[in-house]
Amino acid sequence: MKGDRREGGVFRQEGEVVRQRRAKLVRLRDAGRDPFRMTRFDRTHLAREIREAFDSLEGDQVRVAGRLVAQRRHGKAAFADLQDLSGTIQLLFRVDQLGEERYGDLRDLDDGDIVGVEGKVCRTRTQEITIAVTNFALLAKALRPPPEKWHGLRDVEIRYRQRYLDLIANDDSRRIFIVRSRVIGSLRRFLEEQSFLEVETPMMQPLHGGALARPFVTHHNALDIDLYLRIAPELYLKRLIVGGLEKVYEIGRVFRNEGISTRHNPEFTMLEAYQAYADYRTIMELIESMVARAAADSLGSTRLDRDGCEIELSPPWRRVSLYTAIEEKLGVTPERLETADSAREVCSELGLPAGPEILLSTMIDNIFGRFVQPTLIEPTFVTDYPTAVSPLAKARADNPKLAERFEPFVAGLELGNAFSELNDPEEQRGRFEQQARARAAGDQDAHPMDDDYVLALEYGMPPTGGLGLGVERLVMALTGAPSIRDVILFPQMRPQTE
RNA sequence: GAGCCGUUAGCUCAGUUGGCAGAGCACCGGACUUUUAAUCCGGGUGUCCUGGGUUCGAAUCCCAGACGGCUCACCA
């Protein structure tokens with residue numbers, strides 16, 4: 001066996017502790033008590049259930065199972081803390097209860113071991129709710145110790161690479177992923193109640209579309225074609241609207257081949273929903289109720305406390321034009337953002353890139369993203385995005401340069417994107433052609449021409465409102481998690497080299 | 001992709017001017033029948049991220065690299 005080694009954050013040490021534990025396992029096996037041959041253990045209660053129902057359970061025999069996370073030995077008595085999904089509960093082992101031999105078997109137990117115990121619910125002198133153990137079984141041996149109990153596990157690299165250790169050690173991490181699960185459940189229930197139909201559409205697509213982003217490419221051997229991992233389900237979902245399903249949604253993974261940051265992971269979970277005979281204003285109402293509901297279901301409140309600042313998620317949310325929001329924050333009038341030249345001046349003044357190659361829409365987005373977005377703490381719908389950057393959205397009748405589109409913001413985070421869907425096949429074809437030109441000119445994120453989608457529109461799509469919501473962003477907003485990696489169990493990391 | 005910062009015991013971290021590698025918790029041995037960061041006595045368990053270089057001597061200084069974090073760029 002090699003000696004101790006440390007490799008960039010993940011611990012693989014074969015240190016003294018591991019050697020001791022392996023030796024202990026060998027002794028157990030030699031004695032015919034191999035813990036890994038244990039199969040089931042029927043428990044009667046979870047830790048929290050015992051604490052919450054103590055009054056009615058006091059004196060009862062119960063069976064619990066979990067991970068041993070702490071031990072306090074006192075010679076002829078010993079305390080231990082057992083952690084299960086619901087929390088921890090104290091165990092009390094006494095030699096006069098277990099007998100000398102059984103009590104001696106406690107030597108087999110280490111922090112981190114998985115044990116099942118049977119015993120009587122009681123309270124100790126210090127009023128701690130405890131199980132006085134009458135019998136116990138080692139159900140699985142931990143050859144490595146869990147993270148240290150007092151300081152916990154802080155090393156972010158280990159937290160992400162070995163998430164199980166993070167979940168064992170950090171209550172807050174466990175809480176965030178439970179919230180995430182509840183949020184997704186809540187979104188489903190809400191949409192179900194509104195008669196939306198949950199559907200699944202291809203993740204591997206011959207043509208990537210529905211968003212402006214670069215895709216991952218893969219290859220199908222039998223068909224001998226390249227396929228793209230989807231960057232959005234949008235165009236398939238709208239085909240279903242054409243097909244008359246009228247209210248559809250999908251919650252699923254999308255993949256975008258771009259940089260990683262505290263707000264971006266290459267794969268993330270997106271909710272997209274489409275409702276026929278609705279427009280973007282209908283969708284605003286849908287989103288504000290749905291998010292408020294998700295907060296209530298996952299946190300028990302529609303109010304968030306963020307750095308001492310209260311955020312109320314109940315409808316209605318503020319609605320503000322992109323241009324008004326910029327003017328309010330920076331005093332830059334909409335007129336100055338009408339032409340690329342005057343916008344360039346504004347960008348120069350603000351210290352933003354203002355080169356001749358930068359498009360007007362990009363400059364506006366930069367100004368907004370840098371100076372306005374971080375201040376949108378209260379839930380806000382920002383409207384009036386330029387049609388030029390919204391190739392799938394219907395233009396406003398009174399001003400075709402602007403789209404019937406909005407983005408929801410909470411706690412400074414962009415949660416998604418929504419609009420009245422463009423259902424005019426001819427105009428859609430024109431928009432795609434414009435995108436294709438941008439693509440030919442080097443814009444790798446531009447939308448590719450999708451004749452098959454235009455064909456679908458030619459059969460007639462009712463006026464439709466649609467939304468895309470980043471589930472991770474929503475969970476970040478609800479939990480206050482500072483990084484998207486904190487709400488994705490296994491975030492993308494660079495592989496470690498040996 | 002660029003800049004800045006980080007990587008030392010199982011975990012959390014300290015490490016002075018370049019001079020034998022440190023603390024707390026964990027762990028091992030002993031004591032202890034109501035502790036809960038148990039306590040008391042004894043024990044340091046290490047590829048100081050990796051590879052070069054400077055030096056009598058490198059955790060420390062220099063160069064290159066790996067991984068991570070943050071900011072920016074990219075990106076909804």
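Hydrogens, waters and symmetry mates are skipped; everything else that's a heavy atom, side chains included, is used.
Rounded to an integer number of Å, the gap from CZ of A:Arg214 to C1' of B:A73 is 12 Å. Rounded to a whole Å, the CD atom of A:Gln127 is 16 Å from the P atom of B:U34. Taking atom CZ on A:Arg22 and atom P on B:G10, their separation rounds to 15 Å, with Å as the unit. If you take CD of A:Gln492 and C1' of B:G68, they are 14 Å apart, rounded to a whole angstrom. The distance from atom CG of A:Leu153 to atom C1' of B:U12 is 10 Å, rounded to the nearest whole Å. Spacing between atom CZ of A:Arg494 and atom P of B:A66 amounts to 8 Å, rounded to whole angstrom units. Between the CG atom of A:Asp166 and the P atom of B:C11 there is a distance of 14 Å, given to the nearest Å. Atom CZ in A:Arg263 sits about 13 Å away from atom C1' in B:A73, given to the nearest Å.
B:A21 and B:U8 have their C1' atoms separated by 9 Å, given to the nearest Å. Of the C1' atoms belonging to B:U50 and B:C67, the separation is 11 Å, rounded to the nearest Å. The same atom, C1', is picked in B:C70 and in B:C32; the two are 50 Å apart, to the nearest Å. Using P as the reference atom, B:G15 and B:A38 are 28 Å apart when rounded to the nearest Å.
Here A:Phe93 pairs with A:Phe136 under the ring-ring contact (aromatic ring centres under 6.0 Å, His included) rule; sequence neighbours left out. For A:Arg27, there are no salt bridge (charged side-chain N to carboxylate O under 4.0 Å, His left out) partners at least two apart in sequence or on another chain. For A:Arg396, the salt bridge (charged side-chain N to carboxylate O under 4.0 Å, His left out) test picks out A:Asp384, A:Asp398, with sequence neighbours left out. Evaluation of the side chain to side chain contact (heavy atoms under 4.5 Å, CB included) rule for A:Glu285 yields A:Glu288, A:Arg319 as partners, not counting sequence neighbours. When the salt bridge (charged side-chain N to carboxylate O under 4.0 Å, His left out) test is applied to A:Asp171, the partners found at least two apart in sequence or on another chain are A:Arg174. Partners of A:Arg263 under the side chain to side chain contact (heavy atoms under 4.5 Å, CB included) rule, at least two apart in sequence or in another chain, are A:Ser261, A:Leu413, A:Arg473, A:Met476. Judged as a ring-ring contact (aromatic ring centres under 6.0 Å, His included), and not counting sequence neighbours, the contacts of A:Phe409 are A:Phe368. Residues passing the side chain to side chain contact (heavy atoms under 4.5 Å, CB included) test with A:Asp226, sequence neighbours excluded: A:Val217, A:His219. With sequence neighbours excluded, the residues satisfying salt bridge (charged side-chain N to carboxylate O under 4.0 Å, His left out) with A:Arg163 are A:Asp166.
Across all strands shown, nothing is found opposite B:U34 as a Watson-Crick or G-U wobble partner with both distances under 3.5 Å. If you check B:G68 for Watson-Crick or wobble pairing at under 3.5 angstrom, you find it paired to B:C5. Across all strands shown, B:U60 remains unpaired; no Watson-Crick or G-U wobble contact has both distances below 3.5 Å. When Watson-Crick and G-U wobble pairs are counted only if both distances are under 3.5 Å, B:G10 pairs with B:C25.
Side-chain polar atoms of A:Gln205 and A:Arg230 form no donor-acceptor pair below 3.5 angstrom.
Taking side-chain N and O atoms only, A:Arg144 has no distance below 4.0 Å to OP1 or OP2 of B:G10. Taking 4.0 angstrom as the limit, A:Arg161 places a side-chain polar atom (N or O) nearer than this to OP1 or OP2 of B:G68. An OP1 or OP2 oxygen of B:A38 is reached within less than 4.0 angstrom by a side-chain nitrogen or oxygen of A:Arg72.
With A:Gln90 as the partner, the side chain to side chain donor-acceptor pair (under 3.5 Å) test is satisfied by one option alone out of A:Arg51, A:Arg72, A:Glu128: A:Arg72.
Checked for salt-bridge contact, A:Lys141 and A:Asp108 miss the test: no charged N lies under 4.0 Å from a carboxylate O.
Counting non-hydrogen atoms under 4.0 angstrom, A:Phe268 reaches nothing in the nucleic acid. Nucleic acid contact for A:Thr262: sugar-phosphate only, since backbone atoms but no base atoms lie under 4.0 Å from a heavy atom of the residue. Among the atoms of the strands shown, only primed sugar atoms or phosphate atoms (P, OP1, OP2) are found under 4.0 Å from some heavy atom of A:Arg485.
Here the side chain of A:Glu258 is nearest to one of B:G46, B:C75, B:U35, namely B:C75. In the set B:U34, B:U35, B:C70, B:C70 carries the atom at the smallest distance from any side-chain atom of A:Ser483.
For RNA chain B, the residues of residues 361-383 of chain A within the heavy-atom distance limit of 4.0 Å (strictly under) are A:Asp365, sorted by number. A heavy-atom distance below 4.0 Å to RNA chain B is reached by these residues of residues 406-417 of chain A, ordered by number: A:Glu407, A:Glu414, A:Asn417.
Residue-to-nucleotide contacts include no donor-acceptor pair under 3.5 Å from the side chain of A:Glu157 to the base of B:U7.
Toward the 5′ end of RNA chain B lies the nearest nucleotide of A:Asp111, the other residue of the pair A:Asp445 and A:Asp111 mapping further downstream.
Between A:Tyr280 and A:Phe406, the angle of the ring planes lies from 30° to 60°, which puts this pair in the tilted group.
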Nucleotide by nucleotide, 5' to 3', does protein get under 4.0 Å of the base (B), only the sugar-phosphate (S), or neither (-) in nucleotides 28-33 of chain B, counting heavy atoms?
S---BB
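The minimum heavy-atom distance linking A:Val382 with A:Ser321 is given by the pair CG1-C, 4.4 Å.
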